Chemist: 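Just dropping this structure here.
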Amino acid sequence: MITKCIFPAAGYGTRFLPATKAMAKEMLPILNKPLIQYGVEEAMEAGCDVMAVITGRGKRAIIDHFDISYELEHQIQGTPKEELLVDIRKLINECTFTYTRQNEMKGLGDAIYKGKVLVGDQNPFAVVLADDLCVNPDGDGVLKQMVELYNKYKCCIVATMEVPKEDVNKYGIIEGKEIEEGVYMVSNMVEKPDIESAPSNLAAIGRYILTPDIFRVIEQTKPGKNGELQITDALCHQAKKGMVIAYKFQGKRFDCGSVDGFVEATNYFYQKSKV
Ligand code: G1P
């Protein structure tokens, strides 16, 4: 059973400055809901009830968001505005939120490693990067699809999608063999390769199911691209042993770490709210 989900949320969000100067980028709203709440809802739909958030300096709003606000709730009690807090109350009631800090920005692999204290090293767990906002209007959410696949293959699962060749240097890129429709046995992974040397245009997207042995692998992984400890490199080590599956998910992903993707997501949810 996968019941725990790590949310790396310590990054500075420099692409959104000055908005993110004093505010966590994960709290930027798409319509009236912060990005990280979309991720938490997706994890909950997938069966998780422990949300393990890796925070950093200036991220206190995330902790307050997933807590009761007595003063506010008292104020709007009995008014139509109460309705606006129904979803978040459900999350607070049904999930446990745990936090630890990543003190230095040493990469996604390091952030995930920091989560070991929160998720333990006995069971597989999920990872959601909240600025990759994923939706599937036609069925199960992306993480739920991945949990189903995990139940079949019992190894690490990485969400993937094809990206334009000129964008491969923004992603972890996957090389693998398609073993069933949209499912790849990964043989190699490269973090943000040059366009010329990229093994494919299959990019890792911010949803992972990881088996707990990944922590030991991360311990042995050296800093990679940009001097950071990359989860891509740790996964590549596992992939060489045939222990990583990449999954071309059903649905759509918005890159809410970029202004363009953020606006696209906003328009998408706005249109959806009007029908
Ligand atoms: C991270 C990962 C990268 C992955 C991407 C997905 O990069 O390091 O492998 O493809 O997320 O969004 P970041 O966007 O944090 O630089």
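Counting from 1, the numbers follow the sequence of the chain as shown. For ligands, and for the atoms within them, numbers begin at 1 and follow the listed sequence. Computed from a predicted model, the values in this text were never measured in an experiment.
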Chemist: Taking salt bridge (Lys or Arg N to Asp or Glu O under 4.0 Å) as the test, write out the residues that go with E148, two or more places apart.
Modeler: none

Chemist: What protein heavy atom is closest to atom 16 (O) of ligand 1, reported as residue, atom name and distance in Å?
Modeler: K192 NZ, 2.7 Å

Chemist: Can you check whether V163's main-chain N or O pairs, donor with acceptor, with N201's side chain at less than 3.5 Å?
Modeler: yes

Chemist: Report the C-alpha distance between D138 and Q250 in whole Å, list the side-chain angles of each, state the deciding distance to 0.1 Å, and finish with yes or no for side-chain hydrogen bond (donor to acceptor under 3.5 Å, both in side chains).
Modeler: CA-CA 8 Å; D138 304 321; Q250 304 292 315; over 6 Å; no

Chemist: Please could you name the atoms of ligand 1 that D132 approaches to less than 4.0 Å, counting only its heavy atoms?
Modeler: 6 (C), 12 (O)

Chemist: Out of all atoms in ligand 1, which are within 4.0 Å of some heavy atom of G172? Include the element for each.
Modeler: 3 (C), 4 (C), 9 (O), 10 (O)

Chemist: Below 4.0 angstrom from a heavy atom of T232, which ligand 1 atoms are there? Numbered from 1 as shown, please.
Modeler: 9 (O)

Chemist: Does the protein place any heavy atom closer than 4.0 Å to atom 7 (O) of ligand 1?
Modeler: yes

Chemist: Provide, to 0.1 Å, the distance between atom 4 (C) of ligand 1 and the closest protein heavy atom, together with that atom's residue and name.
Modeler: A204 O, 3.5 Å

Chemist: Do the rings of F269 and F254 sit parallel, tilted or perpendicular, given the 30° and 60° boundaries?
Modeler: tilted

Chemist: Which residue owns the protein heavy atom closest to atom 9 (O) of ligand 1, what's the atom, and how far is it?
Modeler: E191 OE1, 2.7 Å

Chemist: Kindly write out the residues that satisfy salt bridge (Lys or Arg N to Asp or Glu O under 4.0 Å) with K4, not counting sequence neighbours, or none if the list is empty.
Modeler: none

Chemist: Measure D255 to ligand 1 on non-hydrogen atoms and call it side chain, backbone, both or neither using the 4.0 Å cut-off.
Modeler: neither

Chemist: When you measure from the side chain of E94 to the backbone N and O of D49, does any donor-acceptor pair fall under 3.5 Å?
Modeler: no

Chemist: List the closest protein heavy-atom neighbour of atom 11 (O) of ligand 1: residue, atom name, distance to the nearest 0.1 Å.
Modeler: L129 CD1, 3.5 Å

